[in-house]
Amino acid sequence: MGRLIDSAPAIAAVSRAMSYLGAPYDSLFMLDTNSLYCSELVQVSYRDDNDAPLFPLLNMSFADAKGEILPYWLEYYHSRGMWVPQGALGSNPAAIARSPLLRLMQ
């Protein structure tokens, strides 16, 4: 678990996060205003004084170290009638956890 080094944005972030209470879970992991996945909620909730996200979007990867899309994700998206959104903008918990804005808790 991590905590912001500067906790000032946290109060506003909680308020923003609460505004999404009841929103459906985004099982497709796509940026969308109608549903959210876990790290997307963090990404849209934590903002700086200029309303810019503290945790920027990144190009998502569903690939292994060789750059090949993992079979799990191929089947996951195929069963939903979609291509794997390799490279689409999004967020992920590991990238957020590596943010220099966080102090990891022991």
Side-chain angles (χ1 to χ4, degrees):
M1 174 183 0
R3 300 235 188 246
L4 286 173
I5 293 169
D6 173 9
S7 62
I11 293 171
V14 169
S15 179
R16 275 190 287 279
M18 293 296 289
S19 74
Y20 294 103
L21 195 61
Y25 186 76
D26 182 2
S27 62
L28 297 176
F29 311 106
M30 304 289 291
L31 295 180
D32 172 314
T33 58
N34 298 322
S35 60
L36 296 162
Y37 57 97
C38 58
S39 60
E40 184 182 9
L41 177 62
V42 172
Q43 198 273 331
V44 299
S45 296
Y46 283 86
R47 322 251 337 146
D48 67 16
D49 291 339
N50 298 315
D51 203 34
L54 290 181
F55 307 107
L57 295 172
L58 52 92
N59 291 13
M60 294 191 299
S61 177
F62 298 86
D64 62 16
K66 296 177 190 173
E68 296 178 23
I69 305 235
L70 295 163
Y72 172 84
W73 292 115
L74 289 170
E75 177 56 33
Y76 185 87
Y77 282 100
H78 177 76
S79 70
R80 289 155 177 81
M82 295 178 59
W83 292 100
V84 177
Q86 179 71 9
L89 286 178
S91 65
N92 72 56
I96 290 173
R98 288 189 302 269
S99 171
L101 301 174
L102 295 178
R103 180 182 68 237
L104 296 181
M105 308 306 289
Q106 301 289 338

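Model, not experiment: these values are computed from the prediction.
Closest approach of Lys66 and Asp64 over heavy atoms only: N-OD1, 2.9 Å. When every heavy atom of Glu40 is checked against every heavy atom of Asp26, the shortest pair comes out as OE1-OD2, 3.8 Å.
Residue Asp49 places its CG atom among 12 or fewer non-hydrogen atoms of other residues, nucleotides or ligands, all under 6.0 Å distant. Sparse packing is recorded around CD1 of Ile11, with 12 or fewer heavy atoms of other residues, nucleotides or ligands lying under 6.0 Å away.
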Decide yes or no on side-chain contact (heavy atoms from CB on, under 4.5 Å) for Tyr46 and Leu101, but give the supporting numbers first.
-> CA-CA 11 Å; Tyr46 283 86; Leu101 301 174; over 6 Å; no
side-chain contact (heavy atoms from CB on, under 4.5 Å) between Ser91 and Tyr37: does it pass, once the steps are laid out?
-> CA-CA 9 Å; Ser91 65; Tyr37 57 97; 3.6 Å; yes
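Both Leu28 and Tyr25 sit in one connected hydrophobic cluster of ILVMFWY residues. Membership requires side-chain heavy atoms under 4.5 Å apart, directly or through other members. Cluster annotation: Val44 is not connected to Met18 through the hydrophobic network of ILVMFWY side chains, with a link wherever side-chain heavy atoms come within less than 4.5 Å. In the hydrophobic clustering of ILVMFWY residues, with side-chain heavy atoms under 4.5 Å counting as a link, Leu21 and Leu41 come out apart. Note on Met30: it clusters hydrophobically with Ile69, by side-chain heavy-atom contacts below 4.5 Å among ILVMFWY residues. In the hydrophobic clustering of ILVMFWY residues, with side-chain heavy atoms under 4.5 Å counting as a link, Trp83 and Tyr72 come out apart.
Judged by the 6.0 Å distance and 45° axis criteria, Arg80 is positioned over the aromatic ring of Tyr76.
In this structure, OG on Ser35 lies 11.5 Å from OH on Tyr20, to the nearest 0.5 angstrom. In this structure, the separation between CG on Asn92 and CG on Leu57 is 11.0 Å, given to the nearest 0.5 Å. Between the CZ atom in Arg98 and the CG atom in Leu104 there is a gap of 11.0 Å [rounded to 0.5 Å].
Residues Leu89 and Leu58 have side chains not in contact (no heavy-atom distance under 4.5 Å, counting atoms from C-beta outward). With contacts defined as side-chain heavy-atom distances shorter than 4.5 Å, the pair Leu102/Phe55 qualifies. With a 4.5 Å cut-off on side-chain heavy atoms, Pro85 and Tyr77 count as touching. Side-chain contact between Pro9 and Leu54: present, with at least one pair of heavy atoms (C-beta onward) separated by less than 4.5 Å.
No side-chain donor-acceptor contact under 3.5 Å links Ser7 to the backbone of Leu4.
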